[in-house]
Amino acid sequence: MANYRRCYIPGGSYFFTVVTERRAPILANDAARDLLRSAIRACQQQWPFAVDALVLLPDHLHAIWTLPPGDADYSKRWGFIKKYFTQHWLAVNGNEQPITLSKQRQRRRGVWQRRFWEHAIRDERDYARHLDYLHYNPVKHGLVASVTDWPYSSFHRFVTEGLYPAQWGSDIANQFDTFDGGE
């Protein structure tokens with residue numbers, strides 16, 4: 001396995017992909033979405049950060065965060081969110097995927113994949129590109145025909161704020177084929 005190094009830029013903006021264990025579609029219900037929202041809010045109370053954009057799909061999510069000046073510890077935040085969600089999910093009898101004995105010895109649960117994918121946003125163009133990818137993702141995965149049809153996305157807030165036209169994404173099929181967003 002390669003010796004992977006994460007990029008930490010204090011006060012930076014980052015694009016993330018976080019995936020459920022074995023891509024189980026556990027995020028496809030209201031209880032899971034509410035728990036994830038609670039986990040993010042609880043984390044923000046301890047370690048502030050802005051959720052610039054988010055799309056929630058049945059088996060993964062994409063997010064863009066901006067951290068406060070002088071702070072680059074997004075790993076601590078994701079660790080907290082995943083742990084909080086897992087504890088509360090299992091407490092309400094949410095299902096988990098079978099895991100190996102090795103993972104059990106490491107005190108892992110079958111809710112989230114161990115790692116996450118991150119990308120440090122370089123400039124405004126890179127930010128816009130990742131924002132578009134994030135919002136177009138439900139169409140890419142065949143969940144809806146139009147971006148506006150997916151309810152679990154910050155896209156609707158961006159439309160309300162006038163940053164996207166309501167029909168954005170309806171005519172840009174295959175634009176993102178060369179950008180995989182960590183999937």
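The structure presented is a predicted model; accordingly, all values stated were derived computationally and were not measured. Hydrogens, waters and symmetry mates play no part in the numbers below; they use all other heavy atoms, side chains included.
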Please find the pair of heavy atoms, one from [X] and one from [Y], that lie closest to each other, and give the distance.
{"X": "G169", "Y": "V147", "result": "CA-CG2, 4.0 Å"}
{"X": "E118", "Y": "C7", "result": "OE2-N, 3.5 Å"}
{"X": "P58", "Y": "L143", "result": "CD-CD1, 3.7 Å"}
{"X": "L54", "Y": "A63", "result": "CD1-CB, 3.7 Å"}
{"X": "L57", "Y": "L27", "result": "O-CB, 3.4 Å"}

Can any side-chain N or O of [X] pair as donor or acceptor with the backbone N or O of [Y] at less than 3.5 Å?
{"X": "T20", "Y": "D59", "answer": "yes"}
{"X": "W89", "Y": "N95", "answer": "yes"}
{"X": "K82", "Y": "V18", "answer": "no"}

_R129 NZ/CZ over F15 ring centroid, <6.0 Å and within 45° of normal_ = no
Separation of [Y] [atom2] from [X] [atom1] (nearest 0.5 Å):
{"X": "T17", "Y": "N137", "atom1": "OG1", "atom2": "CG", "result": "7.5 Å"}
{"X": "L90", "Y": "T86", "atom1": "CG", "atom2": "OG1", "result": "6.5 Å"}
{"X": "W168", "Y": "T148", "atom1": "CH2", "atom2": "OG1", "result": "11.5 Å"}
{"X": "K140", "Y": "L134", "atom1": "NZ", "atom2": "CG", "result": "11.5 Å"}

*asked:* Evaluate H62 against H119 for ring-ring contact (aromatic ring centres under 6.0 Å, His included), listing each step before the verdict.
replied: CA-CA 11 Å; H62 296 292; H119 168 80; over 10 Å; no
*With D73 via side chain to side chain donor-acceptor pair (under 3.5 Å) - residues at least two apart*: none
_Suppose we screen for side chain to side chain donor-acceptor pair (under 3.5 Å). Which residues come up paired with E96, at least two apart in sequence or across chains?_
R109
_Would you say D52 and T66 are linked by a side-chain donor-acceptor pair, where the criterion is simply a distance under 3.5 Å?_
yes
*Verify whether one side chain among D123 and Y127 offers a donor that lies under 3.5 Å from an acceptor in the other.*
no
*Got R23 and V19 here, is their nearest side-chain heavy-atom distance under 4.5 Å?*
yes
*Is the shortest heavy-atom distance from the side chain of F116 to the side chain of S75 under 4.5 Å?*
yes
*Verify side chain to side chain contact (heavy atoms under 4.5 Å, CB included) between L61 and V55, making sure each step is shown before the conclusion.*
CA-CA 6 Å; L61 66 90; V55 65; over 6 Å; no
_Residues R77, D71; criterion side chain to side chain contact (heavy atoms under 4.5 Å, CB included); working and verdict_ = CA-CA 11 Å; R77 289 166 172 88; D71 189 345; 2.5 Å; yes
*asked:* I'd like to check the salt bridge (charged side-chain N to carboxylate O under 4.0 Å, His left out) partners of D149; sequence neighbours left out, ordered by chain and number.
replied: none
*Would you please name every residue forming a side-chain contact (heavy atoms from CB on, under 4.5 Å) with A72, sequence neighbours left out?*
Y8, P10, Y14
*Applying the ring-ring contact (aromatic ring centres under 6.0 Å, His included) test to F49, which of W65, F80, W78 qualifies?*
W65
*Any pair with a residue in residues 36-50 that passes side-chain hydrogen bond (donor to acceptor under 3.5 Å, both in side chains), sequence neighbours left out, goes on the list, sorted by first then second residue, please.*
D34-R37
*Would you list the pairs meeting side-chain hydrogen bond (donor to acceptor under 3.5 Å, both in side chains) in which at least one residue belongs to residues 150-163, sequence neighbours left out?*
R33-Y152, H135-S154
*asked:* F16 vs Y74, test: ring-ring contact (aromatic ring centres under 6.0 Å, His included). Steps then yes/no.
replied: CA-CA 10 Å; F16 300 100; Y74 53 78; 5.3 Å; yes
*Should the ring pair Y164 and F158 be called parallel, tilted or perpendicular, given that the plane angle runs from 0 to 90° and is split at 30 and 60?*
perpendicular
